[in-house]
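Here the structure is laid out as structure tokens; the discussion comes afterwards.
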Amino acid sequence: MPPEDNNTKMPPVEPTHENGGAALAPSTGSPVVVDNFIGGKFVPAKEYMDVTAPTCGKVIGRVAVSSRDDVEEAVAAAAKAFPSWSKMTTKARASVMLRFHALVEAHAQELAELIVLENGKNVTEALADVAKGNETVEYACSLSHHLGGGSVSKVSSQVTCQDRRDPLGIVASIVPFNFPFMVPMWTVPISLVMGNVMILKPSEKVPLTMHRVASLFRQAGLPDGVFNMIQGTRTAVESIIDHPQVKAVTFVGSSPVAKLVAERCRSLNKRVTALGGAKNHLVALPDCDVQGAASDIMVSYAGCAGQRCMAASVLLLVGSNETNDLLVEKICENASQIHPGTGPGQLGPVIDKASYNKIISYIQDSEQSGTKVLLDGRSWANREAGGYWIGPTILLHTNPEDRALHDEIFGPVLSILKVSSWAEAIAIENANPFGNAACIYTSQGGHADWFTSRFRASMLGVNIGIPVPREPFSFGGLYGTQSKYGDMDITGDGAVEFFTNRIKITTKWPRPTVPECAAEASAATAHNMAYSDHANFSGRM
């Protein structure tokens with residue numbers, strides 16, 4: 001069995017280094033101390049807790065456990081920075097982000113190594129985490145050109161309407177453990193370029209990567225207080241949400257917590273988008289490309305140890321035929337060739353013991369209820385190095401009521417169920433209380449259209465099992481499901497909308513009275529008489 005989690009709180013100790021560099025001091029190998037980042041400086045807290053490596057269960061760092069006073073200090077630093085930052089042009093703010101983008105590229109390998117260490121992803125996945133996050137930074141750099149000066153329209157005689165986007169002020173993002181760099185980058189760069197100041201609360205399970213990123217922001221020339229980072233747990237989150245100067249909150253995590261965050265923000269009339277969990281369904285038709293689908297499905301459900309809200313969870317096979325049998329055989333064959341580890345193509349551990357125990361319980365319950373275990377990842381648990389290892393697991397269900405077909409497991413587990421018709425497949429997918437993603441595997445466009453017009457999810461794939469939108473498209477689950485609570489989306493144009501207020505200005509100027517303009521005014525009057533402008537209420541009640 002994996003070792004016990006070690007969440008022992010301890011008094012502050014001197015940081016191994018202050019600039020957020022390597023996770024372990026090269027000379028001593030001692031864990032790094034991860035402080036808060038407030039007003040451009042790393043600031044110690046009164047309490048700390050251990051950070052453990054999921055590959056072995058050993059302590060690799062100590063992270064601050066912030067109090068309400070720490071949050072108050074971060075808010076004060078952000079409030080001090082907001083007036084001058086928000087008065088800069090969008091282009092000037094984007095230029096800072098452009099320098100940050102270059103620094104991320106230069107330090108990509110270092111950041112990836114931190115992700116591997118604290119999250120357990122393989123190195124290829126970790127590099128992709130960095131690259132995908134930096135894509136959003138690129139998008140943020142383009143906003144000064146993409147948005148321009150807002151839209152302007154002549155709506156009536158002598159009357160124009162225009163809109164502009166004003167920053168909200170102090171905003172906050174609360175992010176999960178599964179993508180230590182990418183998910184923070186979904187919100188931070190866009191919110192900053194739009195003129196806001198940010199308080200980020202990373203997951204206490206993976207604070208090392210963003211600890212290093214904070215120093216890169218400083219190196220890029222970001223003014224003190226524009227980006228702040230509060231470490232910690234529930235007290236930190238609640239203090240951030242409750243603070244009256246924090247105008248908007250984004251959250252990514254589990255559905256129960258997303259609901260609580262949204263309700264707390266709503267009670268304060270605070271803008272919020274809280275993204276929760278998922279139970280993503282794939283449907284494979286007999287006309288699918290077996291080789292391509294098998295490869296894609298394996299990556300979708302087992303990649304990143306299944307710890308992503310866009311991962312495949314349920315595969316519905318329509319009909320009983322040789323194609324479906326061959327597809328299952330190829331998925332099992334491909335997944336069985338994956339080895340444990342953090343090298344390219346390998347499968348890393350899950351994040352901690354609680355996750356490990358939860359995933360194992362679903363496998364055991366399924367087996368006891370009569371589900372056939374086609375591929376069993378439980379054998380990975382007995383690795384000498386320790387850690388929280390579960391191999392790719394494939395379950396073939398016969399009972400559609402099995403828990404594993406309905407609950408979010410968040411691990412490398414694929415549940416397969418055979419259905420008799422397209423309608424049955426859609427009925428099962430639509431009954432799912434989540435609404436993040438769904439995918440259809442087929443070689444026929446008409447078939448794909450039929451399913452994509454009926455899936456009950458907001459991010460749909462055709463022969464793509466992880467249909468994550470790319471900027472400028474935004475990311476978010478479907479309203480009215482357990483995948484999304486609150487307003488709008490994050491990243492892309494959804495984040496631009498979320499982090500700004502639209503200000504609409506309607507303007508009327510009197511006609512010039514100089515003789516040169518008299519003829520034009522007379523012609524305009526005649527034109528308006530011929531083509532009556534019923535929307536022109538000038539001079540009328």
Side-chain angles (χ1 to χ4, degrees), residues 171-180 182-184 186-187 200-206 233-234 236-238 240-241 248-268 270-282 300-301 304-314 350-352 354-355 358-359 362 403-411 413 415 429-439 455-461 466-469 473-492 494-495 498:
V171 298
S173 284
I174 302 158
V175 296
F177 71 84
N178 56 338
F179 287 91
M182 184 185 75
V183 174
W186 278 354
T187 58
L200 179 74
K201 212 300 284 183
S203 169
E204 66 277 12
K205 299 176 183 180
V206 293
T233 54
R234 181 170 182 167
V237 170
E238 292 179 346
I240 289 169
I241 293 172
V249 176
T250 71
F251 171 87
V252 180
S254 68
S255 292
V257 180
K259 184 179 181 182
L260 291 173
V261 167
E263 289 174 346
R264 197 177 188 108
C265 289
R266 290 293 200 197
S267 71
L268 300 169
K270 190 166 294 191
R271 187 176 296 189
V272 59
T273 184
L275 303 184
K279 192 69 176 178
N280 302 319
H281 288 66
L282 314 178
S300 179
Y301 97 86
C304 298
Q307 298 176 125
R308 50 187 172 193
C309 63
M310 295 294 284
S313 186
V314 176
V350 297
I351 191 67
D352 57 20
S355 294
K358 175 185 175 182
I359 297 164
Y362 275 99
R403 279 200 317 141
L405 285 166
H406 299 276
D407 299 349
E408 182 180 39
I409 299 174
F410 221 61
V413 179
S415 290
E429 191 276 338
N430 284 187
N432 151 42
F434 299 97
N436 234 34
C439 172
F455 280 140
R456 183 176 172 268
S458 62
M459 294 173 282
L460 308 181
I466 312 172
V468 177
F473 300 102
S474 59
F475 182 101
L478 192 67
Y479 282 109
T481 71
Q482 294 180 20
S483 293
K484 183 176 186 176
Y485 301 89
D487 312 295
M488 303 173 237
D489 287 343
I490 55 175
T491 194
F498 182 86

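Position 1 is the first residue of the sequence, and the numbers go up from there.
- The shortest non-hydrogen separation linking F498 to T250 is CE2-CG2, 3.4 Å.
- Side-chain contact between N178 and C304 is absent, with no heavy atoms from C-beta onward closer than 4.5 Å.
- Between A311 and N280 the shortest heavy-atom distance is O-ND2, 2.9 Å.
- Heavy-atom contacts from other residues, nucleotides or ligands closer than 6.0 Å to CZ of R234 number 12 or fewer.
- Here the side chain of K279 pairs no donor or acceptor atom with the backbone of E429 at under 3.5 angstrom.
- In this structure, CD1 in I241 is found 10.5 Å from NZ in K201, a value given to the nearest 0.5 Å.
- Rounded to the nearest 0.5 angstrom, D489 CG and L275 CG are separated by 7.0 Å.
- Nearest heavy atom pair, residue A438 against residue P467, reads O-CG, 4.2 Å.
- No side-chain heavy atom of F177 sits under 4.5 Å from any side-chain heavy atom of D352.
- S255 places a side-chain N or O within donor-acceptor distance of the main-chain N or O of Q482, the cut-off being under 3.5 Å.
- Summarising the geometry of L478 relative to A457, their closest heavy-atom pair is CD2-N, 4.1 Å, with the distance given to 0.1 Å.
- Within 6.0 Å of atom OH in Y479, more than 12 heavy atoms from other residues, nucleotides or ligands are found, so the atom counts as buried in its surroundings.
- Nearest approach of S474 to G494, heavy atoms of both residues: CB-N, 3.5 Å.
- Interatomic distance, S415 OG to Y362 OH, rounded to the nearest 0.5 Å: 10.5 Å.
- The CZ atom of F475 lies 9.5 Å from the OG1 atom of T491; values are rounded to the nearest 0.5 Å.
- K358 NZ: more than 12 foreign heavy atoms inside a 6.0 Å radius.
- When all heavy atoms of G276 and C309 are compared, the closest pair comes out as O-CB, 4.4 Å.
- In this structure, R308 and I466 have side chains that are in contact, with non-hydrogen atoms separated by less than 4.5 Å.
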